[in-house]
Amino acid sequence: MPSADTMSKGKSWAEQVDEGDEGVLPPNTEEYDEKKGVKKITEYKYNEEGKIVKTVKTYRIETIKVSKSIAQRKTWKKFGAAERDPPGPNPANTILSEEIFMQFVNSSEQKQADEEDDPLGKLKNQKIVSCRICKGDHWTTKCPYKDTLAPLQEKLTEDQRKPEVPPPSTAAAKSTGGKYVPPSMRDGAAKGRGESMSSQRKDEAATIRVTNLSEDTRESDLQELFRPFGPISRIYLAKDKVTGQSKGFAFINFHRREDAARAIAGVSGFGYDHLILNVEWAKPSGQQ
DNA sequence: GTTGAGCGA
């Protein structure tokens, strides 16, 4: 924070210059207050009009703990335009700005301290994800009620937005607002269905994982292989996104868990192509 | 041995 002022003792520097003192520049001084960690540099020079200007610059010398490898950089040789500069920062092109506080996300020490100081903050951190549908502790897209509750909520807000709409004449449209609504969620049918479900979606309980597939197995092959055990709702064959190359495993969703169980018993150890298939229950992906 | 892909708040 350099500041310039003129000498206040007696006559001003300008006056002294006028009186013919030109050429006598007081020596520059540099003092360091170790207690305050402040370095003060006083400089005298002529400005464009040939007048002497006193400049006082104060620097706060900060002691910052840095790792050895970073401290090492201080010993690097200066180069380019600064090649001949003396060691340390050059006040002509280096300033100290205001303090900047950094938060190190990966510091385990810091994290621990935070959690100890502020158990509330810890809780807050964990509750970053809140479902927009049921306020649960998961992403909205993972909500077990997203197929039942969400359409109902949509319908509600829609009704609020345009309450002036005259009621449609047909009986079917009367209760649904003109949109198709599956029977399972018409007028109170939603009750008693959502409650019995745990946090998992129904079909996810019937997912099996098939591994040790030969890389030329296709989804249709899996379809044929598992269809005898019962209706399949979804098949996913893991492939490389770029090359399309099969990764050698797949997920099969059955409608019924018991079908999936029979599929495991029936296909596990089954020789398919030149390999022996391995079939197990699939663990849910992600952090559900 | 090998557990998906995507979207955020």
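Throughout, protein chains are lettered first and strands after them, A, B, ... in sequence-line order, and every chain is numbered starting at 1.
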Q: List in chain and number order the residues that pass side-chain contact (heavy atoms from CB on, under 4.5 Å) with A/Lys40, two or more places apart in sequence or in another chain; answer none if no residue qualifies.
A: A/Glu31, A/Val56, A/Thr58

Q: Assess whether one donor atom and one acceptor atom, taken from the side chain of A/Thr141 and the base of B/dG6, lie less than 3.5 Å apart.
A: no

Separation of atom [atom1] in [X] from atom [atom2] in [N], rounded to whole Å:
| X | N | atom1 | atom2 | result |
| --- | --- | --- | --- | --- |
| A/Leu222 | B/dG4 | CG | P | 16 Å |
| A/Ile235 | B/dG4 | CD1 | P | 18 Å |
| A/Phe251 | B/dT2 | CZ | C1' | 10 Å |

Q) Within a strict 4.5 Å, meaning less than it, do heavy atoms of the A/Tyr44 and A/Val53 side chains meet? A) no

Q: Scan residues 238-250 of chain A against DNA chain B and write down, sorted by residue number, each residue with any heavy atom closer than 4.0 Å; if none is found, say none.
A: A/Lys239, A/Lys241, A/Lys247, A/Phe249

Q.
Within residues 210-219 of chain A, which residues have any heavy atom lying less than 4.0 Å from an atom of DNA chain B?
A. A/Thr211, A/Asn212

Q | A/Glu30 and A/Asn28 side chains, donor-acceptor separation under 3.5 Å | A | no

Q. Hey, what else clusters with A/Tyr236 if you join Ile, Leu, Val, Met, Phe, Trp, Tyr whenever side-chain heavy atoms sit under 4.5 Å?
A. A/Phe249, A/Phe251

**Q.** Pairwise side chain to side chain donor-acceptor pair (under 3.5 Å) hits with a residue in residues 78-87 of chain A, at least two apart
**A.** A/Asp85-A/Asn90

Expected list for residues 260-276 of chain A: side-chain donor-acceptor pairs under 3.5 angstrom, two or more places apart:
unit_1, atom_1, unit_2, atom_2, d
A/Arg262, NH2, A/Phe229, O, 2.7
A/Arg262, NH2, A/Asp259, OD1, 3.0
A/Ser268, OG, A/Val279, N, 3.4
A/Asp273, OD2, A/Ser214, OG, 2.5

